[in-house]
Amino acid sequence: MSEHIALTPAERAAAPITAETVIIGAGPCGLFQIFELGLLGLSAHIIDSLAQPGGQCTELYPDKPIYDIPALPVCGAQELVDRLLEQAKPFHATFHLGQEVTELKPLADGKFEVATVLGTRLIAGAVVIAAGVGSFQPRRLALPGIEEFEGKSVHYRVRSASDYHGKDLLICGGGDSALDWTVALAEKARSLTLVHRRAEFRAAPATVARMRELVAAGKMQHIEGQIVSLHGAQGRLDHAVLQGNGGETTLKVPVEQCLVFYGLHPKLGPVAEWGLDLERKALKVDTEKFQTSVPGIFAIGDINTYPGKKKLILSGFHEAALAAFAIQHHLFPQKRQFLQYTTTSPIMQKRLGVVPADAPAAAE
Ligand SMILES: Cc1cc2nc3c(=O)[nH]c(=O)nc-3n(C[C@H](O)[C@H](O)[C@H](O)COP(=O)(O)OP(=O)(O)OC[C@H]3O[C@@H](n4cnc5c(N)ncnc54)[C@H](O)[C@@H]3O)c2cc1C
């Protein structure tokens, strides 16, 4: 099984984790990189700012079919991610999820220090940036003075549902997250107001129907309109002023906690600040090693650029295979490299766990 790490703040502040390789980004290309490194006997830690692996496939189009993955005539985007996770399982990568990588710096001994927003620090022999179109950030509520409330009484994700029990709750948005949490919390909150600027919802029809039943039963209210202002002091909310569509109605509603689900947008963010050569918001790499302008730092998938680059999943898979060989050479320059087939290589089959670990030794 792959290991998902949830360190305490004290553990994160302690000594850095030593890693053979670190992959930044757990989209389809980062996940396949675990596999390609694993085949060559290299272990990986993988970090993503999202709470789950899968990148764009999981975040933007999980239910859509993909038709151009070799040998899979049709494959759902989330299904592809699940299959990649399954394929990478034998290599026991360590996942650090829900934390953006903010720093990447070369050290004097040729290694790299990687640090996340939560304070996790890793020292790696090589780094693969598989950051796609950047890390996904929640779209924020655009109201003056919003910073005062963010993280205290205005939230863009639910960490613990019980935080909202018994509270006057305002939920903003019209997609699956907004409607799922509305339905889940309507009977737990003291009061619940859902505000969405259009009559149509993007959420699953069954969830929308359930929300309408809750409104009819007097368990919550739904306003078709927008938030005009939030009021409170020292980060604690007291009430919101909402305006119905058409502009004629304004309504004051009590609010202690506000959940905003306006979707996510990708932000290149910290990747642009690591001193690597960029071209139109992508990392320049060569097409032999997929190495960036800093030896030992590689880039694969949508984040990289080179002549003829096509932002397709299958391009990222090819890049991951070649980068793995280049990383092995970077870490072990004396080691002879030769191509082996998974079909016939006993050492690869042992690594994959398809032949017993105590099978007769095979030269690599
Ligand atoms: C609607 C849609 C349909 C598509 N259909 C197809 C298709 O049919 N066929 C096809 O080949 N391609 C398709 N694509 C494109 C495909 O999804 C991308 O090419 C692919 O997701 C790229 O994978 P990736 O691993 O490089 O990056 P991503 O999937 O973007 O994953 C990158 C990950 O890196 C993380 N990250 C970024 N910066 C940081 C940081 N600083 N710290 C921590 N984590 C970070 C992000 O959170 C993200 O999870 C489609 C895209 C969309 C939007």
Side-chain angles (χ1 to χ4, degrees), residues 5 22-36 44-81 83-85 88 93-105 112 114-122 124 127-138 157 202 263-274 276 278 281-283 285 290 292 297-306 309-321 323:
I5 279 217
V22 166
I23 302 167
I24 301 172
C29 302
L31 295 177
F32 195 61
Q33 187 70 74
I34 300 173
F35 177 80
E36 286 295 330
H45 283 244
I46 184 161
I47 311 172
D48 204 295
S49 50
L50 294 172
Q52 65 286 318
Q56 293 174 54
C57 293
T58 298
E59 213 47 50
L60 302 181
Y61 60 106
D63 302 322
K64 285 202 164 48
I66 305 178
Y67 299 101
D68 58 349
I69 302 298
L72 291 176
V74 56
C75 180
Q78 184 58 46
E79 182 193 347
L80 176 70
V81 170
R83 285 172 178 266
L84 287 164
L85 286 165
T94 306
F95 282 74
H96 306 263
L97 298 174
Q99 39 190 317
E100 184 177 50
V101 174
T102 44
E103 280 176 49
L104 167 60
K105 55 178 186 225
F112 300 95
V114 179
T116 77
V117 73
L118 292 185
T120 304
R121 285 187 304 136
L122 300 104
V127 173
V128 183
I129 303 176
V133 282
S135 63
F136 290 98
Q137 309 287 325
R157 71 158 96 153
R202 283 171 282 107
L264 299 165
H265 67 104
K267 187 185 72 137
L268 185 59
V271 177
E273 291 150 24
W274 296 337
L276 304 167
L278 286 163
K281 293 191 178 175
L283 294 169
V285 292
F290 297 95
T292 65
I297 303 181
F298 300 79
I300 62 157
D302 280 10
I303 192 72
N304 76 13
T305 186
Y306 51 84
K309 167 75 183 181
K310 298 284 176 284
K311 290 189 181 187
L312 287 171
I313 295 167
L314 73 87
S315 317
F317 288 172
H318 160 78
E319 294 159 15

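The chain is numbered in sequence order, starting from 1. One-based numbering, in listed order, for ligands and for the atoms of each.
Under the side chain to side chain donor-acceptor pair (under 3.5 Å) criterion, Glu79 pairs with Arg83, sequence neighbours left out. In this view, Tyr61 satisfies the ring pair (Phe, Tyr, Trp, His ring centres under 6.0 Å) rule with no residue, not counting sequence neighbours. By the ring pair (Phe, Tyr, Trp, His ring centres under 6.0 Å) test, Phe112 pairs with no residue at all, sequence neighbours left out.
Inter-residue side-chain proximity for Leu314 and Ile69 is flagged as unmet; no heavy-atom pair is nearer than 4.5 Å.
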Go through it in stages, so that I can follow the logic: the residues are Phe298 and Phe290, the test is ring pair (Phe, Tyr, Trp, His ring centres under 6.0 Å), and I'd like the CA-CA distance, side-chain angles, deciding distance and then a yes or no.
CA-CA 6 Å; Phe298 300 79; Phe290 297 95; 9.3 Å; no
What are the polar N/O contacts of ligand 1 with the protein below 3.5 Å, with distances?
unit_1   : atom_1 : unit_2 : atom_2 : d
ligand 1 : 9 (N)  : Asp68  : OD1    : 2.9
ligand 1 : 9 (N)  : Asp68  : OD2    : 3.4
ligand 1 : 11 (O) : Ile313 : N      : 2.9
ligand 1 : 14 (N) : Tyr61  : OH     : 3.2
ligand 1 : 17 (O) : Tyr61  : OH     : 2.5
ligand 1 : 19 (O) : Asp302 : OD1    : 2.9
ligand 1 : 19 (O) : Asp302 : OD2    : 3.2
ligand 1 : 25 (O) : Pro28  : N      : 3.4
ligand 1 : 25 (O) : Cys29  : N      : 3.0
ligand 1 : 26 (O) : Asp302 : N      : 3.0
ligand 1 : 29 (O) : Gln56  : N      : 2.9
ligand 1 : 30 (O) : Gln56  : NE2    : 2.8
ligand 1 : 38 (N) : Ser135 : N      : 3.4
ligand 1 : 41 (N) : Val101 : O      : 3.1
ligand 1 : 42 (N) : Val101 : N      : 2.8
ligand 1 : 44 (N) : Ser49  : N      : 3.1
ligand 1 : 47 (O) : Asp48  : OD1    : 2.8
ligand 1 : 47 (O) : Ser49  : OG     : 3.2
ligand 1 : 49 (O) : Asp48  : OD1    : 3.1
ligand 1 : 49 (O) : Asp48  : OD2    : 2.7

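Between atom CD1 of residue Ile46 and atom CD1 of residue Ile34 there is a gap of 4.0 Å, rounded to the nearest 0.5 Å.
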